[in-house]
Amino acid sequence: MTEVIINLKLEMSELLKKNAPIGVLDSGVGGLSVLKCLKTMLPHEDFIYLGDTARTPYGPRSEAEVRQFVGEMLNYFETQGAKLVVIACNTLTVLGVDTLKDNHEYDIIGMSKGANLVLNASRNKTIGVFATEFTINSGAHKAAILAVDSTATVVPKACPKFVPMIEGERFDSPEIKAAIAEYALPLKAAGVDTMILSCTHYPFIKKEIEDEMGAGVKVIDPAEQTALDTKAALEDGGLLQAEGSGKTTICFTADLERGKRIAARMFDVEACTFQNVTLGK
Ligand code: DGL
């Protein structure tokens, strides 16, 4: 009898864990481009997205500051009982996902650096990387590509103008086109045939970047690979939801209406719940 009760309790707690939401975080609206892939690949899961729109961009900030901010977001997901957290931000991923784990019960998945994706796509092994200055200064993407193929040429370019423009909804503006043209120059000069968008904000302007680079250059977004990594981690941990309709809650630390408009560019927001969240108090 006791054994039956213990087994029943274990089954219940396994079920509760499976039913728990997946946390997805970013400095602002960028991670919504990753949430889009996660929602498509994992339709039965519940998601809680948290974008720190009050303090974006993180790219120009110090390591101490971004570590403090991501710590606050990870604590928030602890209070929400998340079963897994996806860092939908390259700037935070390059801090080292293992260094963010702390005492959190859930596992953490970072953005894919996409080394195999770009190397498989490239013929001339000359690869461009667009990212925030924090990510470019870390050298993480260049190192990841060279670790797979030391003969490759990597052309990293920090693009500090993009995030404020995307957060400011200046999607089709002449300023954003001028910034893309400016940042594309060294990649074009080096003759890249493939490039990776290693900031989750940039897929919002992927089409414009493709237009500037021309038909001969493949522009890769590592979001889908990150969603595949997330699915694999859920399967490994026995946490994958096989049924249910999946709820999405989207939280921002400022400008909820703006966040909602930008989210609508990525997926249907009708069935999503939007909420304000305060961090750091
Ligand atoms: N979306 C983020 C990334 O992938 C951060 C952008 C920022 O806050 O500067 O790096």
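Remember, it's 1-based here, ligands and their atoms both numbered in the order they're listed. Not measured: the values here are computed from a predicted model.
Looking at Asp26 against ligand 1, only its side chain comes within 4.0 Å, counting heavy atoms.
Exactly one residue among Lys18, Lys83, Lys231, Lys39 makes a side-chain hydrogen bond (donor to acceptor under 3.5 Å, both in side chains) with Glu45. That residue is Lys83.
Residue Thr91 approaches ligand 1 through these ligand atoms, each under 4.0 Å from one of its heavy atoms: 3 (C), 5 (C), 10 (O). Near Thr56, meaning under 4.0 Å from any of its heavy atoms, are these atoms of ligand 1: 8 (O). Numbered from 1 in the order shown, with element, the atoms of ligand 1 that lie under 4.0 Å from a heavy atom of Ser27 read 5 (C), 6 (C), 7 (C), 8 (O).
Below 30°, between 30° and 60°, or above 60°: for Phe252 and Tyr49 the angle between ring planes is above 60°, a perpendicular geometry.
Remark: distances from the non-hydrogen atoms of Gly28 to ligand 1 are all 4.0 Å or more.
Between Tyr202 and Phe162, the ring centre distance stays below 6.0 Å. Side-chain rings of Tyr106 and Phe77 stay apart, their centers remaining 6.0 Å or farther from each other.
Taking any N or O of Thr132, backbone or side chain, none lies under 3.5 Å from an N or O belonging to ligand 1. For ligand 1, the polar-atom distance check against Ser198 finds no nitrogen or oxygen pair separated by under 3.5 Å. Note: an N/O pair closer than 3.5 Å links Thr200 and ligand 1 by distance alone. By the 3.5 Å distance cut-off applied to N or O atoms, Gly59 is counted among the residues near ligand 1.
Salt bridge Glu65/Arg55: absent, no basic N to carboxylate O contact under 4.0 Å.
One hydrophobic cluster, built from ILVMFWY side chains closer than 4.5 Å, holds both Phe47 and Leu234.
At a cut-off of 3.5 Å, with distance as the only test, no side-chain donor of Thr91 or Arg61 sits close to an acceptor on the other residue.
Protein heavy atom closest to atom 3 (C) of ligand 1, with residue, atom name and distance, is Asn90 N, 3.3 Å.
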